[in-house]
Amino acid sequence: MKADKKKLDSDISYLCAYSDDLQTIIYEKDDNLYVVKDLGEKEKIASDVDGVNVHDINGNFQIYYVKESDETSLSAYDLIKDDYLSQDQNITEPRLEDYQTVTYVDDFFSSREKIETDDAYYQDVEKYEEKKARDELREELKRYELVDTQSGDLYYYNAKKGESVKVMEAAMVLTADSIGTDTALMYLWSLDLDSIEKPKLSKLLEGNGEDAEEILWETIYENMQFLYLKGEEVFVIDDSDMDRDNLDYVEVYGNEKTGTMYIQYDFYNPESEKYHAELYSYDYQSADAELKLLCDDFASVISCNSSEGIYYINEEEDLYCNDTKIDSDVYESSVAVQDNGTVLYLTDIDDNYREGTLKIWQGGETDRIADDVAIYTYGVFDQNKVAFLADYNFDKCRGDLEVYNGKETTRIDSDVTSVVY
């Protein structure tokens, strides 16, 4: 600042967001959420805040925040129906004397004491031992923490309206993240323990420990609810047709330019010890949006923020934009997506992963630029011209600088180490 420094506040705990011109600053202090506008006095947005996501900080900012959140661990016992609990509460350790009868028998010299034990004692001892085994399993399940969860009320604050709205009551959230920068968008994976069909304790007793663990994880994956938030509205993404057997991981990407979410489902088959991934798109701007399969042999995302959509590679090393195939035999690390949707990439990469054939994809068309182009040396400049280094000597770190103008290639210089774009 041209003037002297100005103290805005002290002892803040977390700086959440600030606009490019510093005229809007949002921060946490003593579990309270504040905003400072135009370097003036602070205004309280909310109290008892735990977890903040700020959107559109350079405009009419919007915030998602959790209030009075409790971090808890979801134990294995939380996921089961204890169908033995009622009867086990009435089972106590049997006392031998309660099952014995004493009689006196006369013999030749005198009478003697005769003690007889009822067979019910041995039956009740067996029941008690079984009950003890179930108690041990209960304690083991309570100690086994499956996942960390967060439980709290979720609020949405709109600076334009200057008010907060509760969008979700306390929910057991497994994971949550922002997928929007300029738009208030988030996704959640949550569990409603009151509505799911829990496996019975008796079923877990039938198998071994590994079987029990598998049953519990299947319960989590089969009952996870996929939600996304847009402003103060909560939507459910219906993926009930998804085969969640062997589901291992889920990743969500957002593209505000196209109004699309991309969901990556990763699976692991323990029998074959192989991984498999599928990629889906979801048009969150549509009232009747539904999951659309883009790729059933997905490998990795290259870029998901382009105005053209998402770029990705499948297991066969085919490069795609949305559901359009761009090329085959593409080296994943060589792909460079430009802001305007133009894509530069290498095919026929050499054994050392250093050089390949440089190609460009734009306007739905693919053009071959040159062979023996060094990886990571190419880029677009002057709107649509491509500069790159060919015939690169990696020992001497130099090559030929060439420029492609859309029609032909021209050599500019030799012994060039690198290009600055």
Side-chain angles (χ1 to χ4, degrees), residues 68-152 169-175 189-225 244-248 268-273:
E68 297 178 348
S69 172
D70 293 323
E71 289 191 6
T72 58
S73 294
L74 180 65
S75 75
Y77 188 74
D78 295 325
L79 278 180
I80 63 131
K81 180 179 181 180
D82 196 339
D83 52 339
Y84 278 105
L85 183 60
S86 178
Q87 74 173 53
D88 284 354
Q89 289 175 337
N90 297 318
I91 297 178
T92 57
E93 184 176 8
R95 298 192 314 162
L96 178 61
E97 55 268 29
D98 294 338
Y99 295 80
Q100 292 179 327
T101 57
V102 180
T103 58
Y104 292 91
V105 180
D106 294 329
D107 58 18
F108 183 76
F109 297 101
S110 62
S111 63
R112 62 180 175 82
E113 187 179 74
K114 180 181 180 182
I115 301 175
E116 294 180 306
T117 302
D118 194 309
D119 290 341
Y121 169 73
Y122 303 103
Q123 297 171 0
D124 290 347
V125 166
E126 183 177 357
K127 290 179 182 179
Y128 177 70
E129 293 298 325
E130 292 173 350
K131 182 256 187 188
K132 282 177 58 179
R134 290 191 289 269
D135 284 342
E136 291 176 2
L137 177 59
R138 289 186 180 101
E139 292 303 314
E140 185 177 345
L141 292 172
K142 291 176 181 177
R143 287 193 300 268
Y144 182 29
E145 298 178 354
L146 289 167
V147 290
D148 291 330
T149 64
Q150 191 176 46
S151 179
E169 293 284 349
M172 184 166 286
V173 177
L174 301 178
T175 184
W189 286 94
S190 65
L191 270 179
D192 184 356
L193 295 180
D194 295 328
S195 64
I196 67 176
E197 185 177 348
K198 300 178 181 179
K200 296 179 179 179
L201 182 69
S202 54
K203 183 178 181 181
L204 271 60
L205 289 166
E206 295 173 0
N208 54 37
E210 293 182 359
D211 293 336
E213 184 176 10
E214 184 177 342
I215 290 171
L216 292 170
W217 278 110
E218 284 179 357
T219 302
I220 289 179
Y221 285 130
E222 288 175 0
N223 292 280
M224 287 192 310
Q225 191 175 32
R244 292 189 177 181
D245 288 345
N246 301 323
L247 182 61
D248 183 66
Y268 175 71
N269 190 324
E271 295 181 359
S272 62
E273 297 183 347

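If you read the sequence from its start, that first residue is 1, and numbering goes on from there.
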Participant: What's the spacing between Q225 CD and I196 CD1 if we round to 0.5 Å?
Facilitator: 11.5 Å
Participant: Given 3.5 Å as the limit, does a donor-acceptor pair link the side chain of K198 with the main chain of D82, or not?
Facilitator: no
Participant: When rounded to the nearest 0.5 angstrom, what distance separates OG1 in T101 from CD in E116?
Facilitator: 5.0 Å
Participant: Return the set of residues passing side chain to side chain donor-acceptor pair (under 3.5 Å) with Y84 (not counting sequence neighbours), or none when no residue passes.
Facilitator: none
Participant: Please report the closest heavy-atom contact between N223 and L191, naming both atoms and the distance.
Facilitator: O-CD2, 3.5 Å
Participant: Which residues satisfy the side chain to side chain donor-acceptor pair (under 3.5 Å) test with D124, sequence neighbours excluded?
Facilitator: Y99
Participant: Please assess L201 against R138 for the test side-chain contact (heavy atoms from CB on, under 4.5 Å), listing each intermediate value before the final yes or no.
Facilitator: CA-CA 9 Å; L201 182 69; R138 289 186 180 101; 4.0 Å; yes
Participant: What's the spacing between K127 NZ and E130 CD if we round to 0.5 Å?
Facilitator: 9.0 Å
Participant: Taking CD in E140 as the centre, count heavy atoms belonging to other residues, nucleotides or ligands within less than 6.0 Å. Is the count above 12?
Facilitator: no
Participant: Could you give the distance from NZ (K203) to CG (D83), rounded to the nearest 0.5 Å?
Facilitator: 11.5 Å
Participant: For K81, does the NZ atom sit with more than 12 other heavy atoms under 6.0 Å from it, leaving out its own atoms?
Facilitator: no
Participant: In Å and rounded to the nearest 0.5 Å, what is the CH2 to CG distance from W217 to L79?
Facilitator: 9.0 Å
Participant: First locate atom CD1 of I220, then atom CZ of R244, and finally report the distance between them rounded to the nearest 0.5 Å.
Facilitator: 11.5 Å
Participant: Do any N or O atoms from the side chain of Y221 and from the backbone of D248 form a donor-acceptor pair under 3.5 angstrom?
Facilitator: yes
Participant: Looking only at heavy atoms, what is the nearest atom pair of L141 and S75, with distance?
Facilitator: O-CB, 3.7 Å
Participant: With D88 as reference, evaluate K132, R134, K131 under the side chain to side chain donor-acceptor pair (under 3.5 Å) test and give the passing residue.
Facilitator: R134
Participant: Just checking E197: does its CD atom have more than 12 heavy atoms from other residues, nucleotides or ligands closer to it than 6.0 angstrom?
Facilitator: no
